Structure formats: structure tokens, C-alpha cells
Amino acid sequence: MIQKFETIEGRSIPFYLLVFGLAILALGGILSTYLLCKEGLYLTGMTTRIPWGLQIILAVFYVGLSAGSLVISSLYAIFGKIEYKPFARVTVFLSFLFLVAALLSIMSDWGRPLKIFEPFYHFNPISMFSINPFLYITYMIICIFYLLALFTEKEKLVKIIAPVAVIWAIGVHSGTGAIFGFSPRELYCSPLLPPSFIAAALSSGTGFMIIMILILFRWTKRPLENELVVRLGRLLAIFIMVVLYFMFIENTHRYYLTESREAARYFLFGGFHSLVFWVGMIIFGSIIPAVILFSKRGRSIPWLVFSATLVVFGVLCERYIIVIPGQTHPPCLFPNMKIISSLVEEGITTYSIGFYEVLQALGVFGIIGLVFVLGLKVLKFLPEKPNGKSKL
Amino acid sequence: MDRREFLKKGTTLLAGSVCAYNLPSLLATAGELSKPDKRSNLKWGMVIDLNRCLPDCDECVKACRKENNITLHGDKKRDVHLIRKVKIEREYPANSGEKSVLLLCNHCDNPPCVQACPVKATYKREDGIVVVDHHRCIGCRYCMISCPYNARYFNYRENSKWSNKNHPKSVHGVPESCDFCAHLLRQGKMPVCATTCEKIGSKAITFGNLNSPDSEISRLMANNTVKAIREDLGTKPKVYYIGL
């Protein structure tokens, strides 16, 4: 099947408004990062006990979206499902951009964001945080070659690069999971975290791509077979079950062992994060969309979009409950003793997201959003329409 | 200038400025800062006798702040305390009385912070002291996540006070932890907490060379039951306590 691709015209008022809106967000993020660099990170919600906040939550979320987005392109490039070819270019492009977003989120969170080359000068092979930049950069390079192969229609090259990209994406996400899983904190330390990160990545990536494909193709008035998206929905339902399985095993294990039971109890029933876990991730982010997607309603596009949105929201909640409770829960310094007074926060503590952190997060979204829409205008990412270009 | 040329020049300029910004730290790594102390017969350690530590005394904490130019901003959530005092109580038997414990970096032999640091800015010197190279640090705070003792602090704000002009004050954006007053050790002096405690007569803090059998710290450890905090974690802390 010969499939031709084209750019979008990008001359409509909604397009310009979108570009303007994204540029404003990007500018807000840049200014916010500059201010935090100049004044100090005390303007954020982070504290001595909570040194990682919103940017790290989003970085992990973006890495997941990046790895997951690649699944759709692999349906065509690895499994030979030619009907998914129209989505291949745009999904690889998004996968690349999400990784850029993850890197931007991490770097804007540093106390010294301009020291971007330092991890390359002084590579520490035993630090998970040092290994990850290499995985990210190499993954981005692979994505660029993958895109080049897709653009030049070199089928053989695509068949070689696609599996490499998927394997690397698994490595990238396992590496990100290991940052937490290999940390000596009761609620982080788990060998199951890297594979469970991959499951959540597949789930959020597929959910997000369902939404993106529908928005892109419907908005630009391109023909789209509903069946293709419905099949993605089925795939999504399976990914949700895998995520739930990992969550179940991880928490049961933690609760079963007496040494981690107190931490597990805090995680499951200990405050706001527990609400995020049960209501956000389990009920709204997993059970409701799984029920919809496995039922007949899963064939209806509005219900599919609704479920996909819930899944993406659920994985965002999952990222929150991975990053934050592991820090708010205190390490046990004195077994069988309790700390009754201190100069600093010693017990269970809280984290509230700061205004400047939100600006930074929106800024990262604005930057990759801007590159994405301008990319659609400059490069041929979307399939050609039967009746010529749309204005958008 | 056409678009292609603009992009080319812009990228070159950006890459050039970032390289120029990073150059001093690159050069610094080639210099003294990254070199560990070669006095390998030394293994610095500390013993804190909780029976001698006065419950309401915080002279060592104040002296540490002054010596290391630490500013308090009245923000309990973010203020830096290279050494802090906590009061602890046994769960059983109830009302068994409280104890004051000084907490600081344990200068572990297996330091998780050193393992975690992505740029090797945190490293362990051959004399056992775990230090942070502020010139190299990127401020990612993974060391704080990795420290099981909550002994690391981040300079969320600029340190405004510069009470000790012989020692640089830290800028914001980098983590901080006790380095056994490495700048004083270089001059043949003891850490300020130990000298202050001795000055006020408590002598609760003993600092010395763990490798020397004749040192006071070795004698104390030989004649008393000493414990370190959470030794079960395998970190091999080098701050020991009598009476914990």
C-alpha cells in the first residue's frame, strides 16, 4: 500500500491561537525557571524532606508517554500491521518530544540547570541517575533515525530500527524505574518498579495516542477507520490489567512482610496520597476504563476517548503516588524509639505543589506542544487527505 | 541572514555559552577539588557520648552554624542544619525518659549518596570524609533521596550571613552535609562541634583517627559499648554513640 504524507497548512485562526497559547505557556515556564535559578528553589513546594516534586512526577510521566507512544508505531513497523502506517510518523515524533519534555522537566528542576554537560563529563556508572541521561540521549538519536527511515520510506531500515527503538524504550523506562526502585527508601525500594513502570508506560502511551490520533485526524478532517482505534482500545484494556497486576503484587508483598507493613499501611490508607491511589488510579484510572473497554461501549468513540483520558489521568496519579509518599514517609532512624522533638521535620510530612512549579510544568508542555504543532506544519507527518489540504 | 544561517549561528552561540558556563567546573575537576585526601592511614570518626550530652545545650549546633556560614531563615522545612539535636524516647517501657541525640552525616564507608551522585560531586576521601564538590554539583538532589539518615540538606535559599570569612559560604542550588569541618582538619584543628563541646566542659563529642589504636576515640570505643544508627542498613557509619 502506497501511503503519501503531507504537512498541515497551518493558516487557520485556531492554529495561530494554539501556537500563541503554547508560546505563552513556554515563556511562562522559562521565566519561572529563570526566577527559581536566581532566587532559589524555596519558592517551590519542595523541602528538605521532599526534595523531589512536580517536575520529577511529570518527568517520569513523560518518559512513560514516550515509551508507550512507540507501541503504536511498532504495530506497523514490527508486527507488519500496514493499516497503522498512517500513525507511524506522528507517534515516533511524539515519542521523541515526550523524551525531550522529560529531560526539560528534570533539568529545570536542578538547582543548577545550566550544568547540562556535567553528567557527561563525570559519568558515574553506579548511579542510576547518571545512566539515565545516556539512555535518554541515545533513545532520542534512535528516534531521529527511525523518523528518517520512515520519511525516506526505507522499509528495510524501518524493520531494523523499530525493534531497536522498542528495546531501547524498555531500557529507558526500566532505567527510570530503577532510579526509584534501587533507592533505600521503604516505599521506593522494589525490584518490581522497573517492569511496573513499563506496564504503566504502555498503558498511558496507548491511551494518550488514542486521544491524539482522534484529535489530529478529526480536527484536520482526515479519514480515520474507527475500527483501528477500537483495536487500540482493546490493547489498552489489556495494559490496564497488567498495571493492576503489578500494583497488586507490589502492595501485597509490602503489606505481607512485617518490616514494611507500617509503610504499606501508610501508603494505602495514610492520607491524601491514598485518596489519589484508590480514587484516582484504581477506580477512575483503571477499573472504570477497563470495564468500559471490555464492554460493548468500548466500540463507541466517545466512550473510548473517555476511557483513554481516564487511563492517562490514572497513570499521572500513579506517578504522583510513586514519587511523593516515598518521601513523605520518614525513614526509621531509631527502631523501637520515637523522635519527640527536633529542629527539622522528622515524622510524616506533606508536599504541596508551588505556583512556580506549575508554571514550569506548563512551560515544558508549551515548549513541546509548540515544537509539535510547528513540526506538523513543516514536516510531512500526517497522511495525505483524499481531497487536498485542510486549512488547519 | 536566512533561516538556515540564523539557526546555525544561534545553535553555535547557545552551545558556546553553555560550554563556557561549564568550563570552570571542568577545570576545577582537574585541580585540587576532586582529589581525595591521600593520608590513607587516617580514618576519621566520631563518638558521641549521650550520657554526657546536656539535654538543653545546643552550643555545638550554634558553633557549627557560625563556622560553616549557615544562615537560619526561620523556615523549619528548609533550613540547613549540618548537625541537629533530636530528643528521642523509648516506646517501652513507657515514660522511660528522653535522650538527646546529635545527628549529622555519618560519613558511611558504603555511602549511598556517593553511589547515587550522577556527576561524582559527592565523593568519599581516603580519610573517610564524605564531601560535596559544590563546583561540580548540578543540584539534582538524588543524594538526599538516597541518604537513609536524612542527613543531607539543600540550600533552598542564599546564605546571607558570612560570619566566618576564612570559609566560603554556600550558594543556593546545592546540597549540604557535615564534612567534619574538613577546612579545619587541614589546619590541624578539630571539628568545631568537638572543640566547642570540650570548651564548655561536657566532652560529649570525641573526634579522632579510628585507625590509630592509641587515639582517644579508639580507647573510648574499646572501653564502651558503642552503636551507630541503623547499622543494619550496611552503610557502615563512622559516627558512633555511647548510651543510645
Side-chain angles (χ1 to χ4, degrees), chain A residues 36-44 46-52 56 106-107 109-124 126-133 179-180 182-185 188 326-327 330-346 349, chain B residues 18-19 21-22 25-26 29 34 58 61 73 75-81 84-92 98-99 101 103 112 115-121 136-142 144-150 152-158 172-175 229-230 232-233 235 244:
Chain A
L36 292 176
C37 260
K38 197 168 169 288
E39 291 295 314
L41 293 179
Y42 74 93
L43 292 169
T44 66
M46 290 180 287
T47 61
T48 301
R49 283 284 311 283
I50 317 289
W52 280 358
I56 298 296
I106 292 170
M107 282 178 346
D109 188 55
W110 289 356
R112 291 170 166 183
L114 287 177
K115 287 190 171 261
I116 53 173
F117 293 128
E118 217 69 26
F120 301 99
Y121 299 150
H122 310 290
F123 179 60
N124 182 2
I126 53 168
S127 164
M128 284 302 147
F129 213 83
S130 197
I131 293 167
N132 273 277
I179 289 179
F180 297 91
F182 294 4
S183 279
R185 282 177 182 254
Y188 281 172
Q327 299 174 77
C332 177
L333 295 180
F334 305 101
N336 302 321
M337 294 184 203
K338 56 185 177 189
I339 297 176
I340 49 175
S341 80
S342 173
L343 283 170
V344 299
E345 290 183 305
E346 299 283 358
T349 183
Chain B
V18 175
C19 285
Y21 181 85
N22 284 280
S25 58
L26 181 65
T29 57
S34 63
D58 63 348
V61 178
H73 298 93
D75 183 350
K76 194 177 178 180
K77 283 174 177 278
R78 297 182 187 88
D79 274 344
V80 174
H81 301 277
R84 71 184 194 267
K85 202 164 188 178
V86 297
K87 284 186 178 168
I88 59 169
E89 197 176 57
R90 283 197 181 282
E91 278 182 29
Y92 301 107
E98 54 188 51
K99 277 182 186 174
V101 183
L103 292 176
Q115 189 175 310
C117 182
V119 293
K120 296 180 185 169
R136 190 188 285 186
C137 177
I138 57 174
C140 72
R141 307 182 292 287
Y142 194 31
M144 296 172 75
I145 293 286
S146 302
C147 176
Y149 302 107
N150 278 350
R152 287 235 154 179
Y153 295 83
F154 189 70
N155 284 298
Y156 281 98
R157 288 182 172 85
E158 196 74 41
H172 70 79
V174 285
I229 298 174
R230 293 298 308 268
D232 57 309
L233 296 174
T235 49
L244 184 64

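Please read all numbers here as calculations on a predicted model, not as lab measurements. Residue numbers begin at 1 in each chain, while the letters A, B, ... track the order of the sequences.
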| query | Between B:Phe154 and B:Arg141, is there a cation-pi geometry (under 6.0 Å to ring centre, at most 45° from the normal)? | reply | yes

| So which of A:Phe182, A:Phe129, A:Phe120, A:Phe123 has the biggest tally of heavy-atom pairs under 4.5 Å with chain B? | A:Phe129

| field | Side-chain ion pair, B:Lys77 and A:Glu345, N-O less than 4.0 Å | value | yes

| Would A:Lys115 and B:Val119 count as a side-chain contact (heavy atoms from CB on, under 4.5 Å) if you check the C-alpha gap in whole Å, the side-chain angles of each, and the deciding distance to 0.1 Å? | CA-CA 10 Å; A:Lys115 287 190 171 261; B:Val119 293; over 6 Å; no

| message | Counting only heavy atoms from other residues, nucleotides and ligands, does the tally under 6.0 Å from NZ of B:Lys76 exceed 12? | response | yes

| Backbone N/O of A:Thr47 and side chain of B:Tyr156: donor-acceptor pair under 3.5 Å | yes

| query | chain B heavy atoms under 4.5 Å from A:Cys37: which part of the residue, side chain, backbone, both or neither? | reply | backbone

| said: Tell me which of these, B:Cys140, B:Ser146, B:Pro175, has more heavy-atom pairs under 4.5 Å with chain A than the rest. | reply: B:Cys140

| For the candidates A:Thr349, A:Ile339, A:Leu343, which exhibits the highest count of non-hydrogen atom pairs separated by less than 4.5 Å from chain B? | A:Leu343

| query | Highest number of heavy-atom pairs under 4.5 Å with chain B: which of A:Met107, A:Met46, A:Arg49? | reply | A:Met46

| message | Tell me the closest heavy-atom pair linking B:Ile138 and B:Pro118, and the distance in Å. | response | CD1-CG, 4.1 Å

| note | One option among B:Arg84, B:Arg90, B:His73 has the most heavy-atom pairs under 4.5 Å with chain A, and it is B:Arg84

| Given a strict heavy-atom distance threshold of 4.5 Å, which part of B:Leu233 is in contact with chain A: side chain, backbone, both, or neither? | neither

| query | Is the A:Phe180 to A:Tyr188 ring centre distance short of 6.0 Å? | reply | yes

| Heavy-atom contact with chain A under 4.5 Å, split by part of B:Val80 | neither

| field | Interface moiety of A:Glu346 toward chain B, non-hydrogen atoms closer than 4.5 Å | value | side chain

| Is there a donor-acceptor pair closer than 3.5 Å between any side-chain N or O of A:Arg185 and the backbone N or O of B:Ile145? | yes

| task | For chain B, find which of A:Asp109, A:Ile106, A:Ile131 contributes the most heavy-atom pairs closer than 4.5 angstrom. | result | A:Asp109

| query | Side chain, backbone, both or neither: which part of A:Ile56 has a non-hydrogen atom closer than 4.5 Å to chain B? | reply | neither

| message | So which residue, B:Pro148, B:Cys137, B:Cys147, B:Pro112, ends up with the most heavy-atom pairs under 4.5 Å with chain A? | response | B:Cys137

